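Data block below; observations after.
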Amino acid sequence: MTLNSNRKNGDRWVKAVVTTTVLVALMVLSAPADAKITLTQKIGEKEVQLKIYGYSQLEMRGGDGYTEEGGPFFRAQRIRMGFNYSHGPIAGKLLLDFNQSFTSTEGGLPKAIKDAFVAYTFSNAAFVRLGMMKTPVGQSFTTPGWNLDNLERTHLDKGLVLERDFGVMLSGRLIGQEKYEGKKQYHLHGLELGAERQGYGWGYDIGVFNPAGRSDAVIWDTDVIGDALAYATRFHYDYGQAFHAEASWGMSEQAGGLETEDYSVFGLAVASELWDYGIEWKLEYLDGSNIRGIDGWDQQTLSATFGYMLTERIELVAKTYQSAAQQIGTEDSDLGNTYIGFNWFLAPITTKHRDLQRHKITVNYIVTNADEETWAGLGGLTDNAWAIGWQYMF
């Protein structure tokens, strides 16, 4: 494909996005203000629903960890708009990020298309999805970006997961919830990508995908398409907001190109949200092997989060990432990044924590600790830094 054809394809994507944005804006302007816009029409005996939503995360950052001079600069982390469709057991999702490339196609679709899949729900215990979606490895990764406790996912952990990928996945949630008498019973709609629907019971995800080209731990090489695949699975248990535990595993074959090693990653995580006491805590461990298909290039990351609601609108949060990396022929190296700061929740819609997260200002100071001057792993800051983010969501 020539450079000119690439540019033409990119222009087509941009025109399509602009057209979609104008149409959505017209619909939004004609609808009442809410946390999200829901359009409903009855077709036959079932209702068709289209939910339109979006959010932006706009930031100011500074410190020696980001630039040589350490001075402040401005940037956007996410600028997203999403569409969720449902009609009986059928559902679909399209999530766009206008801060990503519309021509880079790692994983099988332009990176600006974050999610694009169709789903069919047989029951809570079994729903199937086909398309671009989050692979089910990593507790933090499968948490929505707008619902994170600190400003961002660092690539010390996100770099190890398989990221989003194009494939097919069978999932189940809330299996066995009926035995918890007196607890609210949930019915799923087939769009759940993580553990964001907090109920009671067991859950699982089993998926087969293209090679995980959007992962930092995998090199996207179209020559391996048809000869290599990626696999991922997760099992988890929930007892409301009080307790969540999960174990996950993933592998992307020929992670560095033809005839290179397979990359594999294993994860364990637990979380608890005790909002009657204003407390939340989370632990997660990820272990990646043969990064980018290189035998013996391994990395492990342990992260721990603690949050406390100081007032109804101020949450103090500390999150630390501690990583170790190994490469054959080099000394082992360690790197840690600790985010200390607070979330200031603006204009709450309800007192639920997820609703508080919709409109917030996040302030983080990032403290770095390292045993070696040369970090041999993926991601992370090697010097201290600070960041302030303002998020809004509709």
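Atoms considered below: every heavy atom in the structure, side chains included; atoms not considered: hydrogens, waters and symmetry mates. Everything quoted here is computed from the prediction, not taken from an experiment.
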Salt-bridge test for [X] and [Y]: reply yes if a basic N is under 4.0 Å from a carboxylate O, no otherwise.
{"X": "E59", "Y": "R75", "value": "yes"}
{"X": "R129", "Y": "D205", "value": "yes"}
{"X": "D216", "Y": "K158", "value": "no"}

Looking at every heavy atom in both [X] and [Y], which two are closest together, and how far apart are they?
{"X": "V137", "Y": "F141", "value": "O-CD2, 3.7 Å"}
{"X": "T382", "Y": "T368", "value": "C-CG2, 3.6 Å"}
{"X": "V224", "Y": "P211", "value": "CG2-CG, 3.8 Å"}
{"X": "Y321", "Y": "K319", "value": "OH-CE, 3.3 Å"}
{"X": "V118", "Y": "I90", "value": "CG2-CG2, 4.4 Å"}
{"X": "Y204", "Y": "H236", "value": "N-NE2, 4.1 Å"}

Side-chain heavy atoms nearer than 4.5 Å, only ILVMFWY residues, links allowed to pass through others: does that put [X] and [Y] together?
{"X": "L335", "Y": "Y339", "result": "yes"}
{"X": "Y200", "Y": "I175", "result": "yes"}
{"X": "L162", "Y": "V168", "result": "no"}
{"X": "I314", "Y": "W390", "result": "yes"}
{"X": "Y365", "Y": "F74", "result": "yes"}

Residues R354, E273; criterion side chain to side chain contact (heavy atoms under 4.5 Å, CB included); working and verdict | CA-CA 11 Å; R354 283 173 59 86; E273 297 180 348; over 6 Å; no
Would a distance-only check, ignoring hydrogens and angles, find a side-chain to backbone donor-acceptor pair under 3.5 Å from [X] to [Y]?
{"X": "N124", "Y": "L188", "answer": "yes"}
{"X": "E280", "Y": "D149", "answer": "no"}
{"X": "Q300", "Y": "D287", "answer": "no"}
{"X": "E163", "Y": "V161", "answer": "no"}
{"X": "K183", "Y": "Q177", "answer": "no"}
{"X": "S215", "Y": "A217", "answer": "yes"}
{"X": "R214", "Y": "E106", "answer": "yes"}
{"X": "S104", "Y": "K111", "answer": "no"}
{"X": "Y263", "Y": "L160", "answer": "yes"}
{"X": "Q139", "Y": "E284", "answer": "no"}

May I ask you to test the [X]-[Y] pair for a side-chain heavy-atom distance under 4.5 Å?
{"X": "M133", "Y": "F209", "answer": "yes"}
{"X": "M60", "Y": "W386", "answer": "yes"}
{"X": "M393", "Y": "I349", "answer": "no"}
{"X": "M81", "Y": "F394", "answer": "yes"}
{"X": "Q326", "Y": "D298", "answer": "yes"}
{"X": "S171", "Y": "E192", "answer": "no"}
{"X": "R234", "Y": "T142", "answer": "yes"}
{"X": "S86", "Y": "H189", "answer": "no"}

Inter-residue atom distance [X].[atom1] - [Y].[atom2], 0.5 Å rounding:
{"X": "L151", "Y": "I361", "atom1": "CG", "atom2": "CD1", "value": "11.5 Å"}
{"X": "Y392", "Y": "L346", "atom1": "OH", "atom2": "CG", "value": "14.0 Å"}
{"X": "L95", "Y": "R80", "atom1": "CG", "atom2": "CZ", "value": "5.5 Å"}
{"X": "D334", "Y": "S323", "atom1": "CG", "atom2": "OG", "value": "8.5 Å"}
{"X": "Q322", "Y": "S303", "atom1": "CD", "atom2": "OG", "value": "10.0 Å"}
{"X": "E315", "Y": "F345", "atom1": "CD", "atom2": "CZ", "value": "4.5 Å"}

Please check if atom CD in E178 has more than 12 non-hydrogen atoms from other residues, nucleotides or ligands closer than 6.0 Å.
->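 Yes, enclosed.
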Does a sphere of radius 6.0 Å around CH2 in W344 hold more than 12 heavy atoms from other residues, nucleotides or ligands, not counting ones at 6.0 Å or beyond?
->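 No, because the 6.0 Å sphere around CH2 of W344 holds 12 heavy atoms or fewer from other groups.
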Under the side chain to side chain contact (heavy atoms under 4.5 Å, CB included) criterion, do L50 and F83 qualify, and how do the steps go?
-> CA-CA 7 Å; L50 178 64; F83 311 83; 4.1 Å; yes
Just do the side chain to side chain contact (heavy atoms under 4.5 Å, CB included) check on I366 and Y66 with the steps written out, would you?
-> CA-CA 11 Å; I366 304 113; Y66 291 127; 3.7 Å; yes
Can you say whether the rings of [X] and [Y] are parallel (under 30°), tilted (30 to 60°) or perpendicular (over 60°)?
{"X": "Y55", "Y": "W146", "value": "perpendicular"}
{"X": "Y237", "Y": "W202", "value": "tilted"}
{"X": "F102", "Y": "F98", "value": "tilted"}

Salt bridge (Lys or Arg N to Asp or Glu O under 4.0 Å) assessment of D115 paired with R164 | CA-CA 8 Å; D115 296 316; R164 284 175 163 90; 2.9 Å; yes
Worked verdict on N343 versus T362 for side-chain hydrogen bond (donor to acceptor under 3.5 Å, both in side chains) | CA-CA 5 Å; N343 294 316; T362 299; 2.8 Å; yes
Apply side chain to side chain contact (heavy atoms under 4.5 Å, CB included) to D97 and R78, showing your working.
-> CA-CA 7 Å; D97 191 332; R78 298 175 178 92; 4.2 Å; yes
Just one of V265, L378, V218 clears the side-chain contact (heavy atoms from CB on, under 4.5 Å) bar with I291, so which one?
->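 For I291, the side-chain contact (heavy atoms from CB on, under 4.5 Å) test succeeds with only one of V265, L378, V218, which is L378.
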